[in-house]
Protein chains: 2
Amino acid sequence: MAKQRANIRDVAKESGVSLTTVSLIINKNDQRISEPTRQRVLDAIEKLSYTPSRLARGLPNRRANTLAILVPQLQNAFADVYFGELISGIYEEAAARGFRILLEVARRDYIKRREYMQLLEDCSVDGIFFLGATEEHKFLKEFDASDRPLLVVNNHFSQWDLHHVVCDYAAAGRDAADHLIELGHTRIAHISGPNDVVLTTRELTDAFVGRLAEHGVRLSKSMIVGGEFQVETAKLACDELLERDPDLTAIFCANDKMALGAYQSLRAQSKQPGKDVSIIGCDDIPVAALSDPPMTTVRMNFFEVGAESCRQMLKLIETKSMDGRINKRIPVELVRRASTAPIR
Amino acid sequence: MAKQRANIRDVAKESGVSLTTVSLIINKNDQRISEPTRQRVLDAIEKLSYTPSRLARGLPNRRANTLAILVPQLQNAFADVYFGELISGIYEEAAARGFRILLEVARRDYIKRREYMQLLEDCSVDGIFFLGATEEHKFLKEFDASDRPLLVVNNHFSQWDLHHVVCDYAAAGRDAADHLIELGHTRIAHISGPNDVVLTTRELTDAFVGRLAEHGVRLSKSMIVGGEFQVETAKLACDELLERDPDLTAIFCANDKMALGAYQSLRAQSKQPGKDVSIIGCDDIPVAALSDPPMTTVRMNFFEVGAESCRQMLKLIETKSMDGRINKRIPVELVRRASTAPIR
DNA sequence: GATTCGCAGTAAAATGTTTTACTGGAACGG
DNA sequence: CCGTTCCAGTAAAACATTTTACTGCGAATC
C-alpha cells in the first residue's frame, strides 16, 4: 500500500523496460516495439491496473483532449430539443474519438471577461463549438480570420470569417416552395425566424420566396411575419396573417415549433390545419410526427450537424492547417405527412 | 516572438522574483508577500498577458477543478426541462467557484467499460453528479460506502450507501393530500411515477396515501396507476382511472407532464380539469403556469437542487472527510392555481 | 574488411505548476 | 551581546507524461 495509484514509472519497473517504451505502447505509435515486450508491458499495465493521467498527458503537447460546447444564455437552453440533438451529435462523435465535452454558458459577464479565450489559453480545451449564435454575439469578431479553433454550429456569418457547419437552409426553402407549388397553392404565407439577427433563416426565407417567384407566385412582404422561433409568437403571427388574407391556403413556418403555433391559431378560428390550410414546418423535431395532423416538414438532421461539426473540428485540431475555413452544408429532406394537401 | 505563451517562469523573470512568489500570489495565499512585490508581479502578469495552465496546475495536487455530470441515455435527455434545470443549477454554482463541467452520457458500453471510474482515476474530474438514476443502474453499487466522490442528484437509494441531494418528496405527497382534503375531496386517484425503480416516487405515493388515511380518506390500490412520467402514458392511466370510478373528483399526478396528460384525458371525455375534476401536479415546470387551466402543483426547485448538489460536492472534495454521507433534502412548496377547486 | 542500415529500445529534456522546507537578515526582549 | 522570532521570500522536489535524439548491435552491402 505504498502508492495510491500506479504511474508509468511503476509499469516500466514492473515490466523491466524504460518509460519511453511504455509510453510508446500506450500511444500505439509502436511500430518499433517487439511483440514480446509489448505483451509484457500490457500485462504489467493490467496487473497494476494502470491508467495514464489525462492531466499529465496533456501537459507536454498542450492538448487537453477536450472540446467545449458554448451555448447562449437562454431560458432553459439545456431544455431545448434543438440544442439537445446538436449536443448529442457532438458528444457521440467526440466520445468515439476519446474526447471529452465541456459545457459552457455564454452569460454576459462570461463574455465580458473573455472566458472563452481563457479556455483555449489555459489549455483546458482544444476547440470550441458555439451553438445558437446570432449576429448579436459581437465577441465572435475576435475569431474572425483567427487560427483559434472555434466552430459555429448551424449558423453562419457573412461579416466574419469563421468556421461553420450548417443545414442547407436554402435547399429547405426551395423544397418547401416546390412542395406547395406541386400541390397547387398560390395564396401562400410565411412565418419566418428572427431574420434580423440570423443569416440562416434569412436564407430560408429568400430561397422560399425566390423559388415561388420562379414558379410565378409572388409572395408580398406583408405575408411574411417574423415569429422568434416560439410557439406563442407564431400563433400571434398566424392570427395576423389570417386577418390580412382570410383565404390563404398554405403557410410555411421556419421551424416546427412555430408550425404548432400555427395549428393553434387555425383551430382557434375553426379551421383545420392540413385541410383548410396546409402547414409546412421545418426541422422535423420528434413532436412533428406525433402532432395532429402529423406534420409535413423539412427534416434537418441536427444530430448529424453536431456529429459532422465534431468531425470537422477534430480535423482542424489534428492538422492545424489554416488553408481556408470549414464551410460544410448538411443536406435536408422533405418529409411528407398530413399537414399539407392539394388545393381544393 | 520567441515564445507562444508566457509561463510562470517568464513572469518570475520579468518581475525579478522566484516562481514560488508568483505562484503564491496567483493562489492568493499570499499573506507573506509584501504589497510592492505583489504589485510588481501583477504588473508583469498583465504585461505578458499570462494565464496559468489549468493542466499544469492540476498536476501536483491531482485536481482537475472539473466536475462531471453523468446522465442516463434517454430519448433526448438533453432536451428535458428537468435535466435542463438541474444542469443549470449545477453549472451556475460550479462556474462561480471556478470549476468546469464535463458532460457524460451513461450508455450501455460506457457503463460496461466503467468509464465513469476512469474519469476519476485519470484525474479528469474531481467528482461526478449522477442525474436520472434509477434502481436499474446497478453499477452504482461500486460507489456503495466508497470514498469516491459520486453524488446522486434528486433520487436516493436505500440499498446502497451513497451521497444524495433530493427534493422532499414525502413533504410533497403530504402537501398535496392536505390541499385536496382542505378542498373537501374524498374520491381521489393518483397517477404515480415508475414506483418499481425509483424510491423518491414511492415516497411521494406513500406520503400521499398515508396523509389521506390520517384524514380518514382511504385510497384503494386500484386508484393508483403508474405513468412512467410521460404525457402519453399518463393520458392512458387517466382514462383507466375514470373508467374505474367515473365519479372521482381529484387526481394527484407525480409530475406536471403527467398532469398535462390527465388534462387531455379529461377533455377527451368532455370533463373540465379544475372544475369537474381537480388536478394537482408536481414539479412546477414552466408550462404548468402557462397551461389551461393554470396548474396547481407542488414546486420542486430543481435549479436549487442542482446548486445545492454542487455546493455539497465541493465541500466533499475540499474536506475529503468521509464522516457520514451527504443526505440533503430540499424543501418544496404548494403552488395554488386554477386546476384545483373546492368540491361542489 | 569497412561501411551502412535497420532494429529495438533508452536517456534526458521538456511541459508548467504547487508545495515543503529552508534562508538571510532585521527586530526585539532579557 | 546573545538567542529567539518574525519577515519576505527562495530552492528544489514532486507531479506524470511525451518526444527527440541517441545507442549498441547484428545483418546486409560494396
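In what follows, every chain begins at residue 1, and chains take the letters A, B, ... in the order their sequences are listed. Values below: every heavy atom of this structure, side chains too, minus hydrogens, waters and symmetry copies.
- Each salt bridge (charged side-chain N to carboxylate O under 4.0 Å, His left out) pair with one or both residues in residues 136-145 of chain B, not counting sequence neighbours, appears once here: B/R114-B/E142.
- Atom CD1 of A/I25 and atom C1' of C/dA8 are 11 Å apart (whole Å).
- Side-chain contact between A/L102 and A/L67 is absent, with no heavy atoms from C-beta onward closer than 4.5 Å.
- Aromatic ring orientation, A/H156 versus A/H164: perpendicular (interplanar angle above 60°, classes split at 30° and 60°).
- Residues of residues 48-59 of chain A having a heavy atom closer than 4.0 Å to DNA chain D, listed by number: A/Y50, A/T51, A/P52, A/S53, A/A56, A/R57.
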Pairwise N/O distances under 3.5 Å, protein to nucleotides 10-12 of chain C:
from: C/dT10; atom 1: OP2; to: A/S18; atom 2: N; distance (Å): 3.0
from: C/dT10; atom 1: OP2; to: A/S18; atom 2: OG; distance (Å): 2.9
from: C/dT10; atom 1: OP2; to: A/T21; atom 2: OG1; distance (Å): 2.4
from: C/dA11; atom 1: N7; to: A/T20; atom 2: OG1; distance (Å): 3.3
from: C/dA11; atom 1: N6; to: A/T20; atom 2: OG1; distance (Å): 2.8
from: C/dA12; atom 1: N6; to: A/T20; atom 2: OG1; distance (Å): 3.4

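- A salt bridge does not link B/E121 with A/R5: every distance from a Lys NZ or Arg NE/NH1/NH2 to an Asp or Glu carboxylate oxygen is 4.0 Å or more.
- Within 6.0 Å of the CD atom in B/Q159, the count of heavy atoms belonging to other residues, nucleotides or ligands exceeds 12.
- When the side-chain nitrogen and oxygen atoms of B/N61 are compared with OP1 and OP2 of C/dT19, one or more of them lie within a distance under 4.0 Å.
- Note: CG (B/D122) to P (D/dT17) measures 10 Å, nearest angstrom.
- Taking atom CZ of residue A/R62 and atom C1' of nucleotide D/dT18, one finds them 13 Å apart after rounding to whole Å.
- Taking the six-membered ring for Trp and thresholds of 30 and 60 degrees, B/F143 and B/Y116 have ring planes inclined between 30 and 60 degrees apart.
- Residue B/N27 places at least one side-chain N or O closer than 4.0 Å to OP1 or OP2 of C/dT18.
- Look at CZ on B/R63: it is 17 Å from C1' on D/dA14, rounded to the nearest Å.
- Side chains of B/T20 and B/S23: no donor on one and acceptor on the other come within 3.5 Å.
- Residues B/R113 and B/D109 are paired through a salt bridge, judged by an N-O separation under 4.0 Å between the basic side chain and the carboxylate.
- Across the protein-nucleic acid pair, B/R40 atom CZ and D/dG9 atom P stand 8 Å apart, rounded to whole Å.
- Between A/H137 and A/F139, the angle of the ring planes goes over 60°, which puts this pair in the perpendicular group of the 30/60° scheme.
- In this structure, the CZ atom of B/R5 is 8 Å from the C1' atom of C/dG16, given to the nearest Å.
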